[in-house]
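See structure below.
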Amino acid sequence: MMSRLLVKKAPLWGLFCVLFFLSPFLSAGTPSAAAIATAHPLATEAGHEILKRGGNAFDAAVAVSAVLAVVEPYSSGLGGGGFWLLHRASDGFETMVDGREKAPMAAHRDLYLDKKGEVIPGLSINGPLAAGIPGEPAALAHISERYGRLPLNDVLAPAIIIAETGFPVDSHYLRMATWRLETLQAWKDASAIFLHQGGLPAEGAAIRQPELAETLKQLAVKGADGFYRGDLAKRLVDGVREAGGIWTLEDLADYRVIERAPVKGSFMGLKITSASPPSSGGIALITMLNILQGFNLPSLEQPQRTHVIVEAMRRAYRDRADYLGDPDFVDIPVEALTHPWYAAGLARDIQMDSASRSVGNVSHETGRDTTHFSILDREGNRVAATLSINYPFGSGFVVPGTGVLLNDEMDDFSASPGVPNVYGLVGAEANAIAGGKRMLSSMSPTFVEDEQQLAVLGTPGGSRIITMVLLGILEMAEGNGPKQWVSRPRFHHQYLPDQIQFEPDAFSESQRKQLKNMGHRLKPLKHPYGNMQAVYWNKKTGQVDAASDPRGLGLAKIE
Ligand code: DON
């Protein structure tokens with residue numbers, strides 16, 4: 001009897017054993033809570049509000065993007081664009097919604113050059129000639145319609161209310177407005193909305209944007225057509241052209257969001273999913289990680305470890321300048337650039353005791369705007385999104401009667417081969433200006449995961465975005481949590497200028513000396529940089545964590 005029972009139970013017992021051994025590789029199911037980290041508390045709260053009303057992470061992403069467009073006018077908005085990386089839990093589907101701005105059709109490679117072929121300073125940064133055709137309104141409508149659960153009207157409601165009632169000026173707003181004061185003063189509508197009697201508003205003063213609220217309502221009711229066609233489109237084109245810009249109604253009507261396959265790679269068993277071209281982020285990130293995989297980083301002492309990471313950065317940024325641009329205009333060897341063998345070749349001339357040299361020389365400045373948010377809902381859906389209008393307050397130009405502050409993303413093109421943009425980035429043919437082309441970006445919304453855990457992360461920071469995400473991933477690979485990813489001291493190298501830029505507390509005196517002895521040029525920065533927003537899910541325990549960069553005023557909230 002006993003033996004018969006055992007025989008009967010054997011298949012069940014076998015299944016149990018298999019499941020037991022597989023358990024570390026199976027997801028524990030769903031997160032114990034939802035988590036949202038954004039650069040502004042009002043955006044984080046709006047995202048949670050939408051989740052509570054039955055929305056999913058994609059609805060929350062639309063709500064958060066729209067609120068950020070209102071409360072961080074210096075960072076992103078309807079007049080700008082961005083990349084939304086999505087993961088759907090039900091079937092594991094992943095996509096990057098490319099809502100990057102496009103050059104108007106009348107743009108051409110010499111748009112910002114004078115008769116002698118020299119770049120005219122400021123022309124690709126200030127005023128409507130600096131503005132690409134916005135992608136954010138189309139992206140919000142697209143994400144809502146294709147992936148969301150709630151009507152766009154409901155999801156945009158928090159942003160509309162805040163645009164109407166106003167939000168309080170904080171210290172970050174004042175820093176950004178101080179930086180761009182002259183440009184904001186130059187344009188009547190921008191000055192009326194974002195300044196007070198032509199000067200800085202007081203901290204705590206309310207910024208109300210009734211015209212932007214009306215524009216958001218058009219989008220809420222009519223979808224993308226509410227922005228890209230009809231009355232609003234006409235107003236946008238008239239306003240831009242009257243102020244010296246080159247947009248046409250066709251430029252707006254022809255704008256399309258593109259869904260692109262994210263770039264993928266791996267590092268120490270972690271699966272990396274990040275932004276594909278026209279962002280350089282994913283490719284550069286994976287090139288750097290592939291190079292670093294050949295070195296046993298934890299076994300290296302400082303500053304040799306820093307040295308090796310810097311050399312990986314240098315090589316990835318050289319390729320960025322040479323190969324990357326809009327994939328609809330140039331052939332990009334994505335597979336080759338993200339292949340471990342290619343990285344092994346790049347790593348071959350890294351000397352352990354001396355710095356390589358970059359060829360050429362440029363100086364640069366950088367900005368502290370753009371925005372990133374990370375979302376995980378209770379079903380395991382996730383969104384990493386980095387959005388921008390480029391420089392603080394974009395081009396500084398608000399189209400009269402619309403409340404829409406335009407980007408100056410045209411500066412992300414290479415205005416002339418080898419001439420650096422505001423982030424000191426150089427480029428060549430692949431990123432030359434052409435009508436209808438998307439400008440190369442560094443924005444790097446990223447997922448990192450293995451069987452046990454998941455990270456959703458990203459940050460603003462111009463050319464330094466990619467190296468910040470790299471340093472965050474290296475922290476994660478060492479077993480540290482999201483608070484360390486967002487707060488760790490940062491350093492950066494971008495091939496040209498040939499220097500290690502670093503935050504005030506990144507290296508000790510003796511580390512600086514050793515790096516110099518290896519031949520590195522050091523560029524200590526006066527201020528910290530970046531504003532990373534990260535979410536973490538331990539798939540085994542279901543536990544969720546989130547962190548907002550202490551350098552910013554954002555909010556990470558688990559609920
Ligand atoms: O797309 C890009 O790479 C830039 N427009 C991002 C600008 C940025 O992050 C500015 N912030 N510091």
Side-chain angles (χ1 to χ4, degrees), residues 39 68 72-77 79-85 96 98-103 124-125 130-136 139 172 175-176 179-180 274-285 316-317 320-321 324-326 364-373 384-396 405-415 420-427 431 433 437-446 457-469 490 492 494 501 503 525 527-533 549 551-552 554:
L68 290 171
E72 280 198 315
Y74 41 83
S75 278
S76 69
F83 301 112
W84 290 255
L85 191 63
M96 182 186 87
D98 170 356
R100 183 68 163 164
E101 297 90 333
K102 287 172 75 163
S124 61
I125 299 172
I133 304 301
E136 178 155 330
H172 191 57
R175 259 201 310 278
M176 297 289 107
W179 185 330
R180 296 291 271 156
S274 190
S276 46
S279 174
S280 57
I283 292 180
L285 190 59
Y317 276 78
R320 180 195 194 278
L324 304 189
D326 183 347
H364 87 295
E365 314 159 40
T366 194
R368 271 180 290 161
D369 45 298
T370 300
T371 197
H372 176 88
F373 65 83
T386 313
L387 317 178
S388 183
I389 52 170
N390 200 29
Y391 226 41
F393 287 93
S395 66
L405 172 62
L406 298 188
N407 69 85
D408 56 355
E409 220 79 59
M410 291 294 285
D411 189 68
D412 277 345
F413 278 117
S414 171
N421 73 355
V422 283
Y423 306 108
L425 290 166
V426 288
N431 191 32
I433 305 173
K437 188 173 176 183
R438 284 160 151 89
M439 53 298 280
L440 186 61
S441 172
S442 301
M443 294 190 282
S444 314
T446 300
L457 75 163
T459 179
S463 56
R464 300 188 194 124
I465 290 174
I466 318 170
T467 56
M468 282 188 261
V469 174
R490 294 170 175 150
H492 169 79
Q494 60 182 45
Q501 304 164 25
E503 288 189 320
L525 299 170
H527 303 288
Y529 61 88
N531 196 3
M532 186 174 276
Q533 311 296 326
D549 202 317
R551 297 161 184 84

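Order of listing sets the numbers, starting from 1, for every ligand and every atom in it.
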I'd like to check which ligand 1 atoms, numbered from 1 as shown, lie under 4.0 Å from a non-hydrogen atom of [X].
{"X": "Arg100", "result": "1 (O)"}
{"X": "Ser442", "result": "1 (O), 2 (C), 3 (O)"}
{"X": "Thr370", "result": "6 (C), 7 (C), 8 (C), 9 (O), 10 (C), 11 (N)"}
{"X": "Ile465", "result": "9 (O)"}
{"X": "Glu409", "result": "1 (O), 4 (C), 5 (N)"}
{"X": "Tyr423", "result": "7 (C), 8 (C), 10 (C)"}

Approximate separation, where rounding is to 0.5 Å, of [X] [atom1] and [Y] [atom2]:
{"X": "His527", "Y": "Glu503", "atom1": "NE2", "atom2": "CD", "result": "11.5 Å"}
{"X": "Thr371", "Y": "Gln533", "atom1": "OG1", "atom2": "CD", "result": "6.5 Å"}
{"X": "Arg100", "Y": "Glu136", "atom1": "CZ", "atom2": "CD", "result": "12.5 Å"}

When you check the side-chain N and O atoms of Ser442 and Arg320, is any donor under 3.5 Å from an acceptor?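 Short answer, yes.
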When the ring centroid of His492 is compared with that of Tyr317, is the distance short of 6.0 Å?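 When the ring centroids of His492 and Tyr317 are compared, they turn out to be within the sub-6.0 Å range.
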Less than 6.0 angstrom separating the ring centers of Trp179 and Tyr74, yes or no?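 So the answer is no for these two rings.
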Ser388 contact mode with ligand 1 (heavy-atom cut-off under 4.0 Å):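 Just the side chain.
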Compute the shortest N/O to N/O distance between Leu440 and ligand 1 and return yes if it is under 3.5 Å, no if not.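 For ligand 1, there is no N or O atom that lies under 3.5 Å from one belonging to Leu440.
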contact_flag Arg464 ligand 1 heavy-atom lt 4.0 Å: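 Not so, Arg464 does not reach ligand 1.
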side-chain hydrogen bond (donor to acceptor under 3.5 Å, both in side chains) assessment of Ser124 paired with Asp411: CA-CA 5 Å; Ser124 61; Asp411 189 68; 2.7 Å; yes
Who's closest to atom 9 (O) of ligand 1 heavy-atom-wise, of Gly462, Gly80, Pro460?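 Closest candidate by heavy-atom distance is Gly462.
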